[in-house]
Amino acid sequence: MDSKTLIHPLPSALHSSLSSLRRNRMGLIGAGMLVASFVVAALASLIAPYDPKSPLPVTIDTIYAPPGPQHLLGTDDAGQDVLTNFIYGSRISLTVGFFASFISIVIGGVIGLAAGYFGGRIDNLLMRFTDIILVIPDLPLTIVLVALTKPSLLNIIIVIGIVGWTGSARLVRSQTIAVKERKFVVRARAIGAGHLRIIARHIFPLVLPLIVTNTVLVISLAILNESALSFLGLADPTTLSWGQMLNYAFTRGAMSTGAWWALVPPGFGIVWVVLACTLLGYGLEQILNPRVESHHLSVGAQMISRLTGRLSPLDSLPAASDRSHRAAPPDLNRAPVVLDVAGLSVDFVSESAPPAHAVSNVSFSLRQGELLGLVGESGCGKTTLTLALMRLLPAAGRIVGGEVSMADHDLLSLSEKEMEEVRWKDIAMIFQGAMNALNPVRTIGDQIAEAVLRRQPNSPQESVDRRVSELLELVGIAAARRAQYPHQYSGGMRQRAMIAMALACNPKVVIADEPTTALDVMIQAQILDLLARLRRQLGLSVIFITHDLGVVAEVCDTVLVMYGGVTAEYASVDTIFNNAQHPYTRELLKAFPDLSHPGGRLTSIPGYPPRLNALPPGCRFAPRCPAAFDRCHTEPPAIHSLSGFHTASCHLVENLEIGD
């Protein structure tokens, strides 16, 4: 695969979409049915046996005449040929159905996207307006609006379109709310993508299958509404549609005379178009959502590896037991500080509950080349802490105190525009759960290129393609696989792709949020080896979030133990494992197997972490601490500096504090 694949993405994507549609029988049948409908409508003057405007002699025998050689589908109450009316009526029905649905989908889609993405006051304003329109029945409102205007085809299309958007708006809003919380949207914000780019490139492609599916219903409703207006005499009497044919048949005695041929053809036409749209919708879903088509074990994915003659990523890295490439831990005392966090505090606010103190007064320093392990039980504030460093907290999150210094700048005092220049250029993040952090409808190469272009927007396409290939090769993925989607990668390869994306702009600090979660032991070892190699080659400083103390012991230089949003203990990795002072750290170590004492008994910590909006009055660990005494339940402990590089927040270590 050459660079032209990414230089000309639109023709390639169109060719791929057409190829996918040809392989999908349902979609192909639906497209064929819809094309047939348009061909019939476009060639009506050539196909129809009679001219609907030319007068025909009307006798008692020509009124509701049954199908025969002269009239293949019989005649109506005016002696007109039903087949001719059916063919010419398709023009009006298709025109009303598609143009009215287009208006409804555009209005509903724009309102739904804006309300779901921006939320807050914009969401409340748009949704309250939608609710007001929604409680008014569509058909009566349509009848009133059409009655107030001149009954013409254009007016009917506009009225049906502007009345039928409410359902689409609510559907699109709900899907947008779900998609905008996905981690790949947070990642797009982190690399500096603006609102319009995020909506257009990350949210809209995932909402589009729902819009396409909903369009089928909107088309059918538009055709039925046009039929209802025709039945009430509000349609343009000079035009003939399938709805008008049904109206004439019902009101002029077709049922009582048994003239079924006046009812079946227009009804068949409506069902035909709706069924065609439904089948085509299934086919388009295959194209717009490539996850349902193949996966990383499919033949196509394996063929690329064979054709390129490259080793698979599993073979290109050393075995788990080979650590010869690992560099010795850097001399942290002489390395410069690249990130300094002092007293950082984060709350989550809610109108119906007290604020949740997710992070309280956390401090640490990260030096060049250092790998800091961030450990603690789930819900202790590890991810919230790192998101606060990048100012990517959810809408309810508030940074209520502290400083985050990097390159002589306090990141918390920067404007959002200034912060966009810091994210991914100075500090990047490998998000937890690679499958959720990657956009499922965009290729891996396209997503990495987006990160490169956000920092180098004027780079030529060849340079961007070359950088994408370099990053993939750096993490052990063949460059030929850049045109594949996330679902075509294995779990380990997706994690490697996330690492490549984090390195796109040469950051100084990389946050790795549980990068080995849900991976088997061998793949975990290879990911850890990869991080260690990249750390040595690029001089990275890494914040490594994990629950695995074995990983901490193997790769980390320093360890920050968190509990209930506060610092429990902060020290070098040797101190944590050999001279831990906080009871919580000791209990964590007891729950982890010690290979030097294979017969040792593992113990779990009784109870559960505290609720962050209902914290205990004293030490947050006191209700579960085996060494707690009365003071622990009433007075929060201060953070004490112990001998050397070692701090702990516990009343039991006061006598060990430096200077005492």
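Worth saying up front: this structure is predicted, and the values here are computed from it rather than measured.
- Applying the side chain to side chain donor-acceptor pair (under 3.5 Å) rule to pairs touching residues 538-552 yields Glu514-His547, sequence neighbours excluded.
- The two residues Pro515 and Ile527 make their nearest non-hydrogen contact at O-CG2, 4.4 Å.
- Between Arg442 and Glu450 there is a salt bridge, since at least one side-chain N of the basic residue sits less than 4.0 Å from a carboxylate O of the acidic one.
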Check: residues 607-622 side-chain donor-acceptor pairs under 3.5 Å, at least two apart:
from: Arg620; atom 1: NH1; to: Gly564; atom 2: O; distance (Å): 2.4
from: Arg620; atom 1: NH2; to: Ser360; atom 2: OG; distance (Å): 3.1

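- For the ring pair (Phe, Tyr, Trp, His ring centres under 6.0 Å) condition, no pair includes a residue of residues 515-544, sequence neighbours left out.
- Side chain of Lys180 to backbone of Gly116: a donor-acceptor contact under 3.5 angstrom is found.
- A distance-only check finds a donor-acceptor pair linking the side chain of Gln447 to the backbone of Asn439 [under 3.5 Å].
- Between Arg189 and Leu392 the shortest side-chain heavy-atom distance falls below 4.5 Å.
- For the residue pair Asp340 / Ser365, a side-chain donor-acceptor distance below 3.5 Å is found, with atom types taken as modelled.
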- prompt: Would Ser345 and Asn361 count as a side-chain hydrogen bond (donor to acceptor under 3.5 Å, both in side chains) if you check the C-alpha gap in whole Å, the side-chain angles of each, and the deciding distance to 0.1 Å?
  reply: CA-CA 5 Å; Ser345 299; Asn361 194 30; 5.5 Å; no

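- At least one side-chain heavy atom of Leu530 sits less than 4.5 Å from a side-chain heavy atom of Arg496.
- Panel note: side chain Arg467, backbone Val452; no donor-acceptor pair is recorded below 3.5 Å.
- Between Ile448 and Leu472, the closest side-chain pair of non-hydrogen atoms falls below 4.5 Å.
- Residues forming a side chain to side chain donor-acceptor pair (under 3.5 Å) with Thr567 (at least two apart in sequence, or on another chain): none.
- Not counting sequence neighbours, the partners of Ser350 by the side chain to side chain donor-acceptor pair (under 3.5 Å) test are Ser352.
- Within the 4.5 Å cutoff, no side-chain heavy atoms of Leu540 are placed close to those of Val509.
- No side-chain donor-acceptor contact under 3.5 Å links Arg482 to the backbone of Ile444.
- Applying the ring pair (Phe, Tyr, Trp, His ring centres under 6.0 Å) rule to pairs touching residues 174-195 yields Tyr117-His195, Phe118-His195, sequence neighbours excluded.
- Looking only at atom types and distance, the side chain of Gln484 has no donor-acceptor partner in the side chain of Thr443 under 3.5 Å away.
- A distance of 5.5 Å separates CE in Met501 from CE in Met498, rounded to the nearest 0.5 Å.
- The closest donor-acceptor contact from the side chain of Asp513 to the backbone of Ile430 lies at 3.5 Å or more, if one exists at all.
- Listed for the Lys183 side chain is a donor-acceptor partner under 3.5 Å among the backbone atoms of Gln432.
- In this structure, Asp410 contributes its side chain and Leu412 its backbone to a donor-acceptor pair below 3.5 Å.
- Sorted by first then second residue, the ring pair (Phe, Tyr, Trp, His ring centres under 6.0 Å) pairs that include residues 345-385, not counting sequence neighbours, number zero.
- Side-chain contact check for Ile477 versus Leu471: every heavy-atom pair is 4.5 Å or farther apart.
- In this structure, the side chain of Trp424 does not engage the main chain of Met429 through any donor-acceptor pair within 3.5 Å.
- Pairs engaging residues 391-400 under the side chain to side chain donor-acceptor pair (under 3.5 Å) rule: none recorded [sequence neighbours left out].
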task: Evaluate the side-chain hydrogen bond (donor to acceptor under 3.5 Å, both in side chains) criterion for residues Glu370 and Thr558: first the C-alpha distance (whole Å), next the side-chain angles of each, then the deciding distance (0.1 Å), finally the verdict.
output: CA-CA 8 Å; Glu370 177 183 354; Thr558 54; 2.4 Å; yes

Contacts table for residues 577-584: side-chain donor-acceptor under 3.5 angstrom, sequence neighbours left out:
from: Asn578; atom 1: ND2; to: Asp574; atom 2: O; distance (Å): 3.1
from: Asn579; atom 1: OD1; to: Gln581; atom 2: NE2; distance (Å): 2.9
from: Gln581; atom 1: NE2; to: Asn579; atom 2: O; distance (Å): 3.4
from: His582; atom 1: ND1; to: Tyr584; atom 2: N; distance (Å): 3.0
from: His582; atom 1: NE2; to: Ser649; atom 2: O; distance (Å): 3.0
from: Tyr584; atom 1: OH; to: Glu377; atom 2: N; distance (Å): 3.1
from: Tyr584; atom 1: OH; to: Glu377; atom 2: OE1; distance (Å): 3.2

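- With sequence neighbours excluded, the residues that form a side chain to side chain contact (heavy atoms under 4.5 Å, CB included) with Asp123 are Ala115, Met127, Arg173.
- Here CD of Gln526 is found 12.5 Å from OG1 of Thr516. Values are rounded to the nearest 0.5 Å.
- Residues passing the side chain to side chain contact (heavy atoms under 4.5 Å, CB included) test with Gln537, sequence neighbours excluded: Leu474, Arg533, Leu534.
- In this structure, the side chains of Leu538 and Leu503 come closer than 4.5 Å at one or more pairs of heavy atoms.
- A cation-pi arrangement is present between Arg481 and Tyr489, with the terminal nitrogen or guanidinium carbon under 6.0 Å from the aromatic centre and inside a 45° cone about the axis.
- By the side chain to side chain contact (heavy atoms under 4.5 Å, CB included) test, Ala571 pairs with Thr575, Ile576, His646, sequence neighbours left out.
- Here the side chain of Arg631 pairs no donor or acceptor atom with the backbone of His651 at under 3.5 angstrom.
- Checking side-chain atoms of Ser415 against main-chain N and O of Glu418 turns up a donor-acceptor pair under 3.5 Å.
- In this structure, CD on Gln495 lies 8.5 Å from CG on Leu531, to the nearest 0.5 angstrom.
- Comment: Asp446 engages Arg201 in a salt bridge, judged by a side-chain N to carboxylate O separation of less than 4.0 angstrom.
- The CG atom of Leu374 sits 7.0 Å away from the SG atom of Cys380 when rounded to the nearest 0.5 Å.
- Heavy atoms only, all atoms of each residue included: Leu389 and Leu411 are closest at O-CD1, 3.8 Å.
- Atom-to-atom distance recorded for Arg494:CZ and His487:NE2 is 10.0 Å, nearest 0.5 angstrom.
- Salt-bridge formation is not detected for the pair Glu420/Arg423: no Lys NZ or Arg NE/NH1/NH2 atom is positioned less than 4.0 Å from an Asp or Glu carboxylate oxygen.
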